[in-house]
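Just so you know, these numbers use all the heavy atoms, side chains as well, and skip hydrogens, waters and symmetry mates. Each chain gets a letter, A, B and so on, in the order the sequences are listed, and its residues count up from 1.
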Amino acid sequence: MYRYDDFDQTLVHQRVAEFRDQVGRRLSGALTEDEFKILRLMNGVYLQLHAYMLRIAIPYGTLSSEQMRMLAHVARRYDRGYGHFTTRQNIQFNWIKLEEMPDTLADLAGVKMHAMQTSGNCVRNITTDQWAGVAADEIEDPRIWAEVLRQYSTLHPEFSFLPRKFKIAISAAAHDRAAVAVHDIGLRMVRNSAGEVGFEVQVGGGLGRTPFIGKVIKPFLPKRDLLSYVEAVLRVYNQYGRRDNIYKARIKILVHELGAEKFGAEVEKEWATIKDSALALDPAVIADVAERFTYPDYERLEDNPPALARARQEDRAFAAWLDNSVSNHKQPGYAIVTLSLKPVGAPPGDATAEQMDAIADLADRYSFGEIRVGHEQNLVLPHVAQKELPELWQKLEAHGLATPNVGLVSDIIACPGLDYCSLANARSIPVAQELTQRFRDHKLASTIGRLHINISGCINACGHHHVGHIGILGVEKNGEEFYQITLGGRADEDARLGTLLGPAVRYGEVADVVEDVVAAYVELRKTPQELFIDTVKRIGIEPFKERVYAAR
Amino acid sequence: MQLVKSGRIVEDRYVRIADDAPIPDGVAVIVSDARFLANAGALLQRVEPVGVLWPNNRPIEALAPYLGRLALVALAFPGFRDGRAYSQARILRERYGFGGELRATGQVLRDQFLFLLRAGFDSFEVSKEGDAAAFVGSTRRFDVFYQPTGDGRATAFRRRLGRPPQAVPAGTRAHAL
């Protein structure tokens with residue numbers, strides 16, 4: 001956990017006071033809706049179809065049990081008893097009254113939480129690997145750098161009115177769980193030939209209506225230069241990013257139009273002038289931030305304790321969950337447990353206030369009071385002793401949090417879609433719900449293996465459909481919902497965009513088409529171990545296309 | 001429109017001159033970028049102060065040769081969500097050490113004052129009723145700052161280590177109130 005100090009805490013309180021004043025001026029009419037809109041967006045407040053929505057940051061996806069209980073309180077006191085975890089380590093509440101926003105934020109500030117820059121044309125919440133600090137395959141804990149960037153980007157005087165929103169993600173592990181290639185800046189911690197750890201910098205990745213995979217403009221950036229280099233990127237973008245057309249305003253368009261090489265050269269030129277300024281990171285500053293991250297006082301334990309082996313043999317349901325939802329931890333005798341927020345038939349990423357409270361209690365009991373949020377909209381208990389897994393599983397079961405579908409076909413990423421969002425053209429949640437019904441049989445889902453379905457209700461791509469192994473995009477044709485299906489996308493270290501399968505299909509046909517695609521895969525895979533994504537890569541989409549459209 | 005300078009509402013001593021109007025003697029003037037660049041030599045010979053209104057889509061680097069003799073640079077916010085001039089301001093102050101008046105013009109609202117001040121602006125053409133009077137209050141809302149800029153405020157990173165503010169770049173002056 002990162003411990004706020006007085007500086008961090010003071011700033012959050014002062015921001016709440018400022019926002020209270022801004023809301024007051026809006027309610028009194030001193031601010032027009034147009035003026036207020038930009039101010040509220042910079043503090044995470046959207047106007048949705050039915051009400052205002054508040055998006056709260058969960059920096060680098062780390063939550064304490066105390067913070068989780070506060071989210072439960074917000075859900076109960078100000079909303080309708082539930083919240084929605086997003087793909088960018090945020091939580092959204094969909095029914096908060098504008099008049100109550102300042103009090104909601106004041107309550108959150110009490111546990112060091114805020115909604116700063118969770119929307120608006122500024123640097124958004126910095127995201128990272130939900131397993132940061134516990135993953136067996138990481139170079140170092142990327143949250144220290146996410147925190148340095150969080151502070152640097154908070155209320156930045158130069159970059160609060162960028163051409164468009166700006167998202168930064170960091171990964172420090174061999175396997176990229178943070179989808180850095182689809183961010184405006186994607187940072188991968190790497191080791192150079194001299195053995196020093198630094199950053200590979202990608203720019204211009206992003207989804208939306210013009211998706212791009214990020215391009216590397218700096219293969220190795222020393223740690224001391226992280227802020228000056230990011231500032232150079234932002235300064236070039238702030239001055240030259242397009243402002244004439246909102247759909248062409250993201251940095252990816254600038255990078256695409258200039259070419260990555262020319263863009264990189266512009267950044268280098270700017271960087272040369274500020275590289276040795278006050279932005280250069282002093283090791284003492286980094287050490288100070290790093291010291292604020294505390295790690296649990298782990299017990300000395302053995303891997304695979306007898307109690308675990310016994311439980312696995314005795315209970316097949318437990319074994320299924322163990323194989324699916326539990327991952328290796330850095331520390332011997334401990335495990336990382338993923339809590340699926342994708343039960344059959346429910347909206348992906350939603351959690352009720354009761355579940356939040358229960359998770360907070362379980363975190364206290366089994367995970368040193370710590371919880372993580374990942375971009376796949378699931379939660380994680382990051383430090384569970386392996387010997388306690390059977391007991392934890394039973395309690396998770398009781399709260400509907402042990403669906404063993406992590407990474408499987410029913411672990412769907414979906415945006416809120418037309419049920420909530422004023423931008424959407426089509427529903428997302430009911431499509432996800434129908435698919436979880438079709439693949440509810442765990443044996444079937446296990447046979448299919450790892451398969452990510454991502455659903456967006458419009459071209460803005462909040463459901464990351466381009467990088468779903470199966471991507472589903474809702475569009476509108478003559479007032480009717482249609483869905484385009486893509487295959488072969490992925491957001492990991494081999495990131496690529498999916499290929500369109502063929503003409504869009506009607507709402508009622510989506511689940512059938514997905515079933516056909518999956519059935520084709522099961523028949524066409526070389527071995528039961530070949531993943532869906534690998535089969536698509538090997539044979540292309542034609543065989544799937546034939547299968548789906550021959551019958552329609 | 002009210003002009004705020006050094007935190008107070010003041011009389012504007014500059015007259016803005018249209019491109020086709022003659023330049024009067026005896027008063028401080030602000031001219032457009034085009035007119036300035038076409039007549040820079042003659043304009044900078046004047047006894048009275050000369051300022052230039054620079055658009056936010058023209059590279060600010062073109063002003064560099066003249067900065068030592070320019071009394072004022074006015075930067076433009078055609079809409080308050082168009083933030084290009086923040087970068088121009090910091091480049092003027094922090095890279096070129098511009099020490100004259102740096103004025104924010106256009107849609108300049110209360111909630112931008114602190115950002116503007118931190119970017120190096122020291123005068124503000126304020127259009128909205130009540131905003132000018134609220135200047136001091138709105139720029140004192142925060143006393144924690146995470147970014148080093150030319151305004152010389154100490155960042156939280158440094159204050160945690162008990163260190164004084166970072167050195168302000170040569171030729172720059174601190175613009176904090």
Go through the steps to decide whether B/Arg90 and A/Glu231 satisfy the test side-chain contact (heavy atoms from CB on, under 4.5 Å), and finish with yes or no.
CA-CA 12 Å; B/Arg90 289 194 66 199; A/Glu231 180 141 312; 3.0 Å; yes
Verdict with supporting geometry, B/Arg141 and A/Gln14, side-chain contact (heavy atoms from CB on, under 4.5 Å)
CA-CA 7 Å; B/Arg141 280 202 168 280; A/Gln14 288 174 338; 5.8 Å; no
Applying salt bridge (charged side-chain N to carboxylate O under 4.0 Å, His left out) to A/Glu18 and B/Arg110, what does each step give before you reach the verdict?
CA-CA 11 Å; A/Glu18 179 182 56; B/Arg110 182 189 305 204; over 6 Å; no
Would you please test A/Leu155 and B/Tyr146 for side-chain contact (heavy atoms from CB on, under 4.5 Å) and show each step?
CA-CA 8 Å; A/Leu155 302 181; B/Tyr146 285 128; over 6 Å; no
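At most 12 non-hydrogen atoms from other residues, nucleotides or ligands lie less than 6.0 angstrom from OH of A/Tyr247. Within 6.0 Å of atom NZ in A/Lys248, 12 or fewer heavy atoms from other residues, nucleotides or ligands are found, so the atom counts as exposed in its surroundings. For A/Lys112, the NZ atom counts as densely surrounded, since its 6.0 Å shell holds more than 12 non-hydrogen atoms of other residues, nucleotides or ligands. Within a 6.0 Å radius of CD in B/Glu11, other residues, nucleotides and ligands contribute 12 heavy atoms or fewer.
When each of B/Thr155, B/Asn57, B/Asp82, B/Leu114 is scored by its heavy-atom pairs under 4.5 Å with chain A, the top score falls to B/Asp82. Taking chain A as the reference chain and counting heavy-atom pairs below 4.5 Å, the highest number among B/Glu129, B/Arg81, B/Gln112, B/Gln88 is found for B/Arg81. Note: A/Asp34 leads A/Asp6, A/Ile274, A/Leu227, A/Asp34 in heavy-atom pairs under 4.5 Å with chain B.
Within the model, atoms CZ of B/Arg84 and CD of A/Gln239 stand 9.5 Å from one another, a figure rounded to the nearest 0.5 Å. Atom OH of B/Tyr86 is separated from atom OG of A/Ser160 by 7.5 Å, given to the nearest 0.5 angstrom. Considering CD1 of A/Ile38 and CG of B/Asp111, their distance stands at 11.5 Å, rounded to 0.5 Å. With values rounded to the nearest 0.5 angstrom, B/Ser87 atom OG is found 8.0 Å from A/Glu270 atom CD.
What you find for B/Phe157 and A/Val285 is that their closest heavy atoms are CD2-CG1, 3.5 Å. Heavy atoms only, all atoms of each residue included: B/Phe142 and A/Leu11 are closest at CE2-O, 3.9 Å. In this structure, B/Gly83 and A/Asn238 approach most closely via the heavy-atom pair O-ND2, 3.0 Å. Summarising the geometry of B/Arg160 relative to A/Asp288, their closest heavy-atom pair is CD-OD2, 3.0 Å, with the distance given to 0.1 Å.
Under the 30°/60° scheme for interplanar angles, the aromatic rings of B/Phe115 and A/Phe161 are found to stand perpendicular.
Interface residue B/Asp143: backbone and side-chain heavy atoms are both found under 4.5 Å from chain A. For chain B, no part of A/Ser277 is nearby; none of its heavy atoms comes within less than 4.5 Å. For A/Arg25, the part sitting under 4.5 Å from any heavy atom of chain B is the side chain, from C-beta outward, and nothing else. For A/Asp282, the part lying near chain B is the side chain, with the backbone staying farther off; criterion is any non-hydrogen pair under 4.5 Å. Of the two parts of A/Val289, only the side chain, counted from C-beta on, holds a non-hydrogen atom closer than 4.5 Å to a non-hydrogen atom of chain B.
Salt bridge annotation for B/Arg118-A/Glu158: absent, with no cationic side-chain nitrogen under 4.0 angstrom from a carboxylate oxygen.
B/Gln147 contributes a side-chain N or O that, together with a main-chain N or O of A/Thr154, makes up a donor-acceptor pair within less than 3.5 Å.
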